Structures are given as C-alpha cells and as structure tokens.
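By convention in this document, chain letters (A, B, ...) are assigned in the order of the sequence lines, proteins followed by strands, and residues within each chain are numbered from 1. Keep in mind that what you see is a predicted model, and the values were worked out from it rather than measured.
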2 protein chains.
Amino acid sequence: MKPQYLQTLKQIALMGGIHDFVALSSAGLGRTMSISQQSASKRILELLDMGLVSRDLGTRAQRLNLTKEGVEALTREYADYKKIFELKDRLTISGTVATGLGEGQYYVQQNEYKVQFEEKLWFEPYEGTLNIKVGTSEVFKLNILEDSDGILIKGFESKGRTFGDVKCFPAKMRNVECAVIMPVRSHHTDVLEVISKHHLRSTLDVEDGNIVELTVFL
Amino acid sequence: MKPQYLQTLKQIALMGGIHDFVALSSAGLGRTMSISQQSASKRILELLDMGLVSRDLGTRAQRLNLTKEGVEALTREYADYKKIFELKDRLTISGTVATGLGEGQYYVQQNEYKVQFEEKLWFEPYEGTLNIKVGTSEVFKLNILEDSDGILIKGFESKGRTFGDVKCFPAKMRNVECAVIMPVRSHHTDVLEVISKHHLRSTLDVEDGNIVELTVFL
DNA sequence: ATTACTACAAAACGAGTAT
DNA sequence: TATACTCGTTTTGTAGTAA
C-alpha cells in the first residue's frame with residue numbers, strides 16, 4: 001500500500017469517515033493535506049478504485065465513508081504504531097530452549113547473588129537457569145537489553161575468584177514471572193539466560209528445541 | 001511531512017531504531033518497503049537532512065537511530081491513529097452554552113418520558129435541558145449521532161398530542177454524568193440538548209456563551 | 001458550487017555504476 | 001561487500017478548464 005493512499009485514508013477517517021458517510025469536498029480534503037483539489041480528487045478516485053472508501057456523490061457535495069477494507073488497512077497501520085510505542089518499554093523475544101554450559105547455573109547458586117535476587121526481584125530463584133537461543137532476526141533486541149540499565153546485581157569476590165556485576169530485567173513467559181540475567185560487561189551471544197522461582201522446564205512443560213516467547217520489561 | 005518519509009521513519013522504528021542504533025542496510029530497508037536500494041538510500045539521506053534520524057556510518061554497515069525529532073514526528077502520527085480508533089466509540093464535541101426555545105424542557109417534563117429515562121439511563125433527569133451550540137467545524141459529529149442508534153425512548157400520545165420516539169446517548173461534561181437527547185426523526189440543527197440529574201448550569205457553573213466540552217459515548 | 005479531465009511540470013524511482 | 005551518484009523512466013502533482 002503506497003503511503004500517500006494511507007495518508008488520504010487516515011485523513012478521511014479523522015474527519016469522521018470511519019463512522020459514517022461524511023461530507024468532504026475534494027478541495028477541503030486537499031487543504032488539510034496540503035495538496036491541490038485536483039490531487040485530492042484523484043486520490044479519492046484511486047481509493048474508490050481500490051475499494052477502500054465508498055462514496056455517495058450528490059450534485060452539490062460528495063460524502064465519503066471508509067469500507068471494511070479501508071478500516072482494516074488503517075487498523076494494520078495502527079497496529080504497527082502500537083508495536084513501536086509499546087516496544088519502548090517492553091520487548092517480546094522469541095527463541096528456542098537450549099542447554100547451556102551450566103555457567104549461569106553456577107552463578108545463580110552463589111549465595112551473594114541469591115540474596116540480591118531475593119531483595120531486588122522479589123523472588124528467590126530456583127537453582128538453575130533456562131537458556132533461550134534467539135533467532136538471528138531478533139538478535140538486535142539483545143543489543144537493546146545490553147544497552148539498557150536493568151536492575152543491578154553487584155559483583156563480589158569469593159574464594160579468590162571475581163564475580164562481576166550482573167543486571168537483570170523482569171520478564172514473563174506465558175504469564176509465569178521470571179527475569180533475564182546478563183553480565184554487565186556484555187559478552188555478545190545469542191543466548192538469553194532466564195531465572196524464576198519455579199523450575200521453568202517443568203512449569204512451562206518445555207524441553208530443548210521448543211519455541212518459546214519471552215516478554216521483557218525495560 | 002511527506003507520507004513516504006513517515007513510512008520510512010516508521011519502518012526504521014519498527015526495526016528497533018526507536019530504542020537505539022540498529023544495523024540496517026539500505027538494501028534491507030528497501031526490501032521491507034518494496035522499494036529499491038537506491039531509493040531507500042535516498043530516503044535515509046533525506047531523513048538525516050531533516051534531522052529525524054542519526055547515523056553511525058561504518059565501512060561495513062550503517063546503523064540508524066531516530067532522533068528526538070523523529071520520535072516526535074512518529075508520536076504525532078500515532079496520536080492521529082489513537083484519535084481515529086478512540087473516536088469509534090467516543091465523541092468529544094465542544095460548543096457554547098445557549099438558551100433554547102424551551103422545547104426540550106417541555107418534553108423532558110412529560111411523565112411518560114421521565115419514567116423511561118429513569119429506567120434506561122439510571123437517573124431521574126432534572127427538569128430542564130442544557131443546550132449546546134456546536135461550531136460549524138464539528139457539526140459532522142452531530143451527523144454521526146443522528147446516524148447512530150443510541151438508547152431508544154419510546155414515543156406516546158397524550159392529550160391528543162403525539163410525542164415521537166427519542167434517543168439518547170450517555171455523556172459526560174467535566175466528569176458530570178449526563179446524556180444527550182435527540183428526536184429519532186432527525187431535525188438537523190447545530191444544537192445538542194443535554195439532560196442530567198443535576199442542574200447543569202449551577203453544577204458546572206456555566207452560563208450562556210461559555211465554551212464547554214462534552215464527551216458522548218456511542 | 002461542485003468533481004474531474006487533459007496536458008504539462010515536478011518529484012520519485014531505479015538501472016547502471018563509481019567509490 | 002557497502003553507500004550513493006547520474007540520468008533516463010515512471011509516477012505523482014497541478015493549472016486550466018469542462019461538465
């Protein structure tokens with residue numbers, strides 16, 4: 001759909017054409033879009049041709065009304081905008097369940113981390129992580145997470161080993177509360193580590209290779 | 001703002017450019033919008049020129065990010081769509097308080113109407129109506145009301161006179177519950193009659209000529 | 001008043017290609 | 001690989017004007 005048609009359709013809808021027939025001269029429509037009467041007239045004809053608007057053409061004035069198809073076209077556009085602006089504080093990432101190296105699990109078991117999880121995430125994590133491998137088309141969302149602050153879990157030293165700062169983001173998988181954890185010093189992978197107070201594999205009934213969807217809150 | 005710029009801006013936002021810099025080749029951007037690499041490249045240059053996106057142009061790949069102005073432009077567009085789809089079940093009409101012919105008042109006082117108001121609107125109307133004269137630019141909204149069904153108040157005969165069917169719509173003025181009433185056989189005026197269980201003129205502290213805003217629910 | 005045709009002008013597009 | 005220039009083609013826009 002060419003953007004100028006969408007613009008015209010939107011304008012007709014704004015003038016009331018989404019409800020009902022609305023008196024709208026080609027000159028008037030042109031004025032609101034800063035185009036000439038002739039161009040507006042042409043666009044109306046094209047929209048009629050595409051079946052996106054219907055018209056009641058009297059001798060004195062025409063009245064325009066969006067058709068079902070016209071409303072659907074605008075609805076799709078509206079959905080895009082909703083996606084954009086809801087993505088501003090929420091991120092939906094899909095990927096496949098994978099078996100990690102057990103690294104995350106080792107970290108989560110450290111008591112100094114666990115205490116902070118409980119305090120800052122309001123739940124005590126089950127001793128283990130679920131790894132989600134993100135498809136290439138969505139890896140850019142991981143970059144967004146890496147660049148966002150999240151909830152800071154401070155690092156510490158224990159038995160001569162250094163445990164670095166970790167950040168986490170509240171998240172949900174099929175309405176089960178969980179959280180994404182990642183090192184603050186980003187390690188650029190395509191794998192997300194998820195913790196929860198539940199054993200996610202059994203609670204969600206998933207195993208390696210299953211596709212899951214995760215909503216992360218920024 | 002030309003619609004093709006908005007389309008491009010929207011696409012960049014959808015690919016993640018509203019959060020952060022996102023790797024996006026001109027060929028890839030073109031593919032998602034069904035335009036050539038050359039045209040996509042040109043549009044990017046134009047958006048840069050207008051200050052709507054910023055770019056980090058590496059040797060291998062460019063990364064794009066919406067600027068504050070770019071986000072604002074999209075926000076305005078989003079607001080239009082919200083208006084369209086919220087207008088679908090709600091109508092905000094502004095006008096000036098006017099003194100009517102007393103016709104509405106006479107009607108509302110008829111007991112047969114009053115009984116139905118109480119039953120169908122959940123309130124007993126104060127014995128009087130507030131008239132609102134709607135500006136020419138908003139008269140089209142009255143047509144929407146005339147063409148909508150609303151809540152039917154049945155007509156009757158009394159003392160040899162016929163009182164026709166009336167319809168009403170729940171409404172609010174500054175959070176005060178009220179209702180718009182109009183004859184089913186439309187009489188095409190630019191005046192709305194509003195009833196409420198309160199005396200609106202004193203409750204809202206308005207008098208003739210004051211501008212008021214009314215939200216009508218369809 | 002309208003809408004919309006024709007004829008021309010302006011803008012956008014894209015193939016080829018430089019960088 | 002990229003991005004982006006030139007330039008011929010296509011699309012879009014509009015002044016004049018008919019209906």
Quickly work out the B/Met33 CE to C/dA12 C1' distance and round it to whole Å. 13 Å
Gap between atoms CG and P, on A/Leu57 and C/dT2 respectively (whole Å): 13 Å
Check this one for me: any side-chain N or O of B/Lys2 less than 4.0 Å away from OP1 or OP2 of C/dA11? no
Any base atoms under 4.0 Å from B/Ile35, or only sugar-phosphate, or nothing? Heavy atoms, all strands. sugar-phosphate
Have a look at B/Ser26 and say if it touches a base, only the backbone sugar-phosphate, or nothing, with a 4.0 Å heavy-atom cut-off. sugar-phosphate
Nearest-Å distance, OH (B/Tyr5) to P (C/dA11)? 10 Å
For A/Ser25, report the nucleic acid contact type (base, sugar-phosphate, nothing); a contact means any heavy atom under 4.0 Å. sugar-phosphate
Run through A/Asp205, A/Val212, A/Leu200 and flag the one making a side chain to side chain contact (heavy atoms under 4.5 Å, CB included) with A/Arg174. A/Val212
Answer yes or no: does a side-chain N or O of A/Arg55 lie under 4.0 Å from OP1 or OP2 of C/dA4? yes
When you measure from the side chain of A/Lys42, which nucleotide among D/dG13, D/dT3, D/dC5 comes out closest? D/dG13
For B/Ser41 and D/dT3, is the shortest distance between a side-chain N/O and OP1 or OP2 below 4.0 Å? no
Options D/dT3, D/dT12, C/dA12, nucleotide nearest the side-chain atoms of A/Gln4: D/dT12
Can you tell me the distance, in whole Å, between the CG atom of A/Leu47 and the C1' atom of C/dT3? 15 Å
Between D/dG13 atom C1' and A/Gln7 atom CD, what is the distance in whole Å? 13 Å
Side-chain donor/acceptor contact of A/Gln38 with base of D/dG16 under 3.5 Å: yes
Is there a ring-ring contact (aromatic ring centres under 6.0 Å, His included) between B/Phe217 and B/Phe169? Walk through the geometry before answering. CA-CA 6 Å; B/Phe217 303 94; B/Phe169 300 91; over 10 Å; no
Can you tell me how far P of D/dG16 sits from CD of A/Gln37, to the nearest Å? 13 Å
Should the pair A/Lys82 and A/Phe85 be classed as cation-pi, given the thresholds of under 6.0 Å to the six-membered ring centre and 45° from the axis? no
Please work out if A/Leu45 contacts a base, only the sugar-phosphate, or nothing of the nucleic acid, heavy-atom cut-off 4.0 Å. sugar-phosphate
Could you state the CE-P distance from A/Met1 to D/dT11, rounded to the nearest angstrom? 18 Å
State, to 0.1 Å, how close B/Thr92 and B/Lys141 come at their nearest heavy-atom pair, and which atoms those are. O-NZ, 2.7 Å
Distance to the ring centre below 6.0 angstrom and angle to the axis at most 45 degrees; does that hold for B/Arg161 and B/Phe163? yes
Considering just the side-chain nitrogens and oxygens of B/Arg43, establish if one lies under 4.0 Å of OP1 or OP2 belonging to C/dG14. no
At less than 3.5 Å, do the side-chain atoms of B/Gln62 and the base atoms of D/dA2 form a donor-acceptor pair? no
Using atom CG of A/Leu24 as one end and atom P of C/dT3 as the other, report the distance to the nearest whole Å. 9 Å
